[in-house]
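See structure below.
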2 protein chains.
Amino acid sequence: MSATRDELFRALSDSTRRGLFERLCREGEKTVGALTERAGVSQPVVSRHLGILKRAGLVTDRQAGRKTHYSAQIGALAPLTDWTREMTEFWQSRFDDLEDLLQRMDQ
Amino acid sequence: MSATRDELFRALSDSTRRGLFERLCREGEKTVGALTERAGVSQPVVSRHLGILKRAGLVTDRQAGRKTHYSAQIGALAPLTDWTREMTEFWQSRFDDLEDLLQRMDQ
DNA sequence: TTAACGTATAGCCGAACGGGTATAAATGAG
DNA sequence: CTCATTTATACCCGTTCGGCTATACGTTAA
């Protein structure tokens with residue numbers, strides 16, 4: 001069920017969606033109605049955003065009667081931290097190469 | 001010069017832009033022309049993407065004659081890692097609360 | 001000074017986005 | 001069974017986005 005890296009970045013690019021995800025991280029499982037209360041947008045919009053977060057793997061839903069409970073999947077952030085670490089390593093490695101070069105020039 | 005958190009997430013939501021940033025991390029300073037060669041899009045598009053990355057603080061530019069050299073600013077990723085850590089801490093803290101509750105119930 | 005070069009800007013276009021309202025679909029309550 | 005409740009879907013609308021080409025602007029080379 002792993003979504004694309006692109007899907008993950010895109011899902012997190014909207015502040016309304018990040019807000020929903022953040023509330024689920026902070027407060028745990030919540031229904032669509034509860035999320036709508038403080039989301040600042042209408043219920044259909046919340047549902048649509050939750051769908052996008054779900055396709056990105058950032059949330060899961062649990063049906064209970066006529067209510068749907070959503071919860072954050074913190075592990076879905078892994079590709080993001082991986083990417084960041086990768087970029088940092090690339091950057092650092094160039095730095096190391098430069099150090100090596102300077103050291104060789106020193107000799 | 002710190003850009004909005006939203007600007008950062010938005011800037012990274014496009015794979016072409018991430019590709020440009022990644023090349024700058026991997027290979028260091030590059031001109032627009034050099035970046036255009038392997039970007040898969042036209043030069044004006046590359047320039048526009050670089051402008052967006054620049055406003056997000058992810059790159060800086062250095063003018064040299066008629067060439068513009070761009071380089072990655074790895075530190076600009078900090079708000080992203082901060083946010084991720086924040087989310088994880090929220091999530092973890094709920095987990096800890098649950099553990100506390102269960103421990104109290106145990107006594 | 002003129003010509004070529006490197007980059008940025010302007011303007012266009014179709015697709016995707018984020019919001020809204022109306023409504024369908026499913027479930028629970030009376 | 002009927003009606004209220006909860007969520008998801010369908011559809012519309014204006015804006016933004018990401019690509020393109022044409023071109024303006026500044027710089028170097030001849």
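Per chain, numbering begins at 1; letters A, B, ... match sequence-line order.
A heavy atom closer than 4.0 Å to some atom of DNA chain C occurs in no member of residues 28-37 of chain A.
Residues A/Q63 and A/T68 have side chains in contact (heavy-atom distance under 4.5 Å, counting atoms from C-beta outward). Residues A/L77 and A/F21 meet the side-chain proximity criterion, which asks for heavy atoms closer than 4.5 Å. Inter-residue side-chain proximity for A/L12 and B/L12 is flagged as unmet; no heavy-atom pair is nearer than 4.5 Å. Residues A/L50 and A/R17 have side chains not in contact (no heavy-atom distance under 4.5 Å, counting atoms from C-beta outward).
Of the side-chain N and O atoms in A/Y70, one or more sit less than 4.0 angstrom from OP1 or OP2 of D/dA8.
Residue B/T68 is in sugar-phosphate contact alone, with no base atom involved, counting any heavy-atom pair closer than 4.0 Å across all strands shown. Counting any heavy atom pair closer than 4.0 Å across all strands shown, B/S47 reaches a base atom.
When every heavy atom of A/A76 is checked against every heavy atom of A/G57, the shortest pair comes out as CB-O, 3.1 Å. Here the shortest heavy-atom pairing between B/V32 and B/S47 reads CG1-OG, 3.8 Å. In plain terms, the two heavy atoms of B/C25 and A/M87 that are nearest each other are CB-O, 3.9 Å.
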## Note on the structure
Each nucleotide of nucleotides 12-18 of chain D classed B (base within 4.0 Å of a protein heavy atom), S (only sugar-phosphate) or -, in 5' to 3' order, makes ------B
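Under a 4.0 Å N-O distance rule, the pair A/R18/B/D6 qualifies as a salt bridge.
Using bins of under 30°, 30° to 60° and over 60° for the plane-to-plane angle, the ring pair B/F9/B/W83 lands in the perpendicular bin.
Look at CD on B/Q43: it is 12 Å from C1' on D/dA22, rounded to the nearest Å. The CZ-P distance, from B/R66 to D/dA29, rounds to 6 Å in whole Å.
Checked by atom type and distance alone, the side chain of A/S13 pairs as donor or acceptor with a backbone atom of A/R10 at under 3.5 Å. In this structure, B/T4 contributes its side chain and B/E7 its backbone to no donor-acceptor pair below 3.5 Å.
Chain B approaches DNA chain C within less than 4.0 angstrom (heavy atoms of the protein), and the contacting nucleotides run 5' to 3' from C/dA4 to C/dT9.
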